[in-house]
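Side chains included, hydrogens not; waters and symmetry mates left out as well; all remaining heavy atoms used. Chain A is the first sequence line, chain B the second, and so forth, proteins listed ahead of strands; every chain is numbered from 1.
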Number of protein chains: 2
Amino acid sequence: MYKNEWLKGSLRTILLKLMSERPRMYGYEISRMVEKRSGSNIRITEGALYPALHRLESQGYLIAERVQIGKRARKYYSLTAKGQTEAQENIEQYFSHVRTMLLLLSDKQSATP
Amino acid sequence: MYKNEWLKGSLRTILLKLMSERPRMYGYEISRMVEKRSGSNIRITEGALYPALHRLESQGYLIAERVQIGKRARKYYSLTAKGQTEAQENIEQYFSHVRTMLLLLSDKQSATP
DNA sequence: AATTATACATAATATATCTATGTATTAAAA
DNA sequence: TTTTAATACATAGATATATTATGTATAATT
């Protein structure tokens, strides 16, 4: 069982959201940001983060830019236009899904006339 | 890409919730119920539903009872005591996760002093 | 008579996570 | 000053859970 069984699917949404807020971010920065802003409730493992970024890049939602910081390599990502559209849509759809889930999980008992 | 990329992990929560509301339910009934109560926004495929029920049963959260309806077999499930505890906890944790997600997805910009 | 709904089940496939491991530089602590 | 922690990327292998497709069968509706 996963520690966070609901992260699956949500990670992509989180990434799209963060990237839509800032012009450029690199992987490690994103992982710090998610941990901070989630109150340490969500921790993205590297084995999930980097493949996810690569996927988004290969699908044309992100573009990457390698930057050399001293002797260390950093990879900055930015949303493409396609990525911006996808971010908006995906976040909206996530909200919609959550509304549906809350409907299901809040319903004490469905009307049985 | 899955049609509903956020269902993964949530199906278990949905099942635990429905089963905690009613004393006995069978698979097909559950799938109808979810479709109805979600406004057709969530459709559980049979390939996901039955294995999920079998998992919950094998893990001791559900007990099954075969019932013959005329010539047709029906399999009623009920929550065990362990399942009731798990349902409560799991639903609570799901809410907690959603709160965290909304925090992340609503934040316009984290405070940068 | 043919189609749809009910009712279960599983195999093959897809894919997104996790854990573990690897490489390497830089900063902080012991 | 040696060791540890933090920064920064990446990937292989294991695991979990969903999808699609297929199968069997009865009952109800068109």
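Straight-line distance from the CH2 atom of Trp6(B) to the P atom of dT15(C): 17 Å, rounded to whole Å. Atom CZ in Arg12(A) sits about 12 Å away from atom C1' in dA16(C), given to the nearest Å. Protein atom CD of Glu5(A) is 8 Å distant from nucleotide atom P of dT17(D), rounded to whole Å. Rounded to whole angstrom, the span from the CE atom of Met33(B) across to the P atom of dT6(C) amounts to 15 Å. A straight line from CE of Met25(A) to C1' of dA8(D) spans 15 Å, rounded to a whole angstrom. Separating the CD atom of Glu57(B) from the C1' atom of dC8(C) is a distance of 13 Å, rounded to the nearest angstrom. Distance, Lys8(A) NZ to dT15(C) P: 13 Å, rounded to whole Å. When the C1' atom of dA6(D) is taken as reference, atom CD of Glu35(A) falls 13 Å away, rounded to whole Å.
Ranking dC9(D), dA10(D), dT17(C) by closeness to the Leu11(A) side chain, first place goes to dT17(C). Nearest to the side-chain atoms of Lys71(A) among the listed nucleotides dA16(D), dA18(D), dT25(C) stands dT25(C). Proximity note for Arg72(B) (side chain, C-beta onward) versus dT7(D), dT26(D), dA16(D): the nearest is dT26(D). Of the candidates dA10(D), dA7(C), dT17(C), the closest approach to any side-chain atom of Glu46(A) belongs to dA10(D). Among dT7(D), dC9(D), dC18(C), the nucleotide with an atom closest to any side-chain atom of Arg32(A) is dT7(D). For Tyr28(A), the listed nucleotide lying nearest its side chain is dA8(D); candidates were dC18(C), dA8(D), dA27(D).
Residue whose closest nucleotide on DNA chain C sits further toward the 5' end, between Gly70(A) and Leu49(A): Leu49(A).
Here Glu29(B) does not pair with Arg32(B) in a salt bridge; the nearest charged N to carboxylate O distance is not below 4.0 Å.
A donor-acceptor contact shorter than 3.5 Å links the side chain of Ser20(B) to the backbone of Lys17(B).
The cationic group of Arg99(B) does not satisfy the cation-pi geometry with Tyr94(B), failing either the under 6.0 Å distance to the six-membered ring centre or the 45° limit from the ring axis.
Note on His54(A): every side-chain N or O is 4.0 Å or more away from OP1 and OP2 of dC9(D). For Arg55(A) and dA16(C), the shortest distance from a side-chain N or O to OP1 or OP2 is below 4.0 Å. Distances shown here put a side-chain N or O of Tyr50(B) below 4.0 Å from the OP1 or OP2 atom of dC8(C).
Here Arg66(A) lies in heavy-atom contact (under 4.0 Å) with sugar-phosphate atoms only. Counting non-hydrogen atoms under 4.0 angstrom, Ile69(B) reaches nothing in the nucleic acid. Within 4.0 Å of Gly27(A), counting heavy atoms only, lie sugar-phosphate atoms of the nucleic acid but no base atom.
Interatomic distance, CD of Glu35(B) versus CG of Asn41(B), reported as 10.0 Å (0.5 Å rounding). For the atom pair Thr100(A) OG1 and Arg37(B) CZ, the distance stands at 12.5 Å (nearest 0.5 Å).
Counting only N and O atoms by type, the side chains of Glu5(A) and Asn90(B) include a donor and acceptor under 3.5 Å apart.
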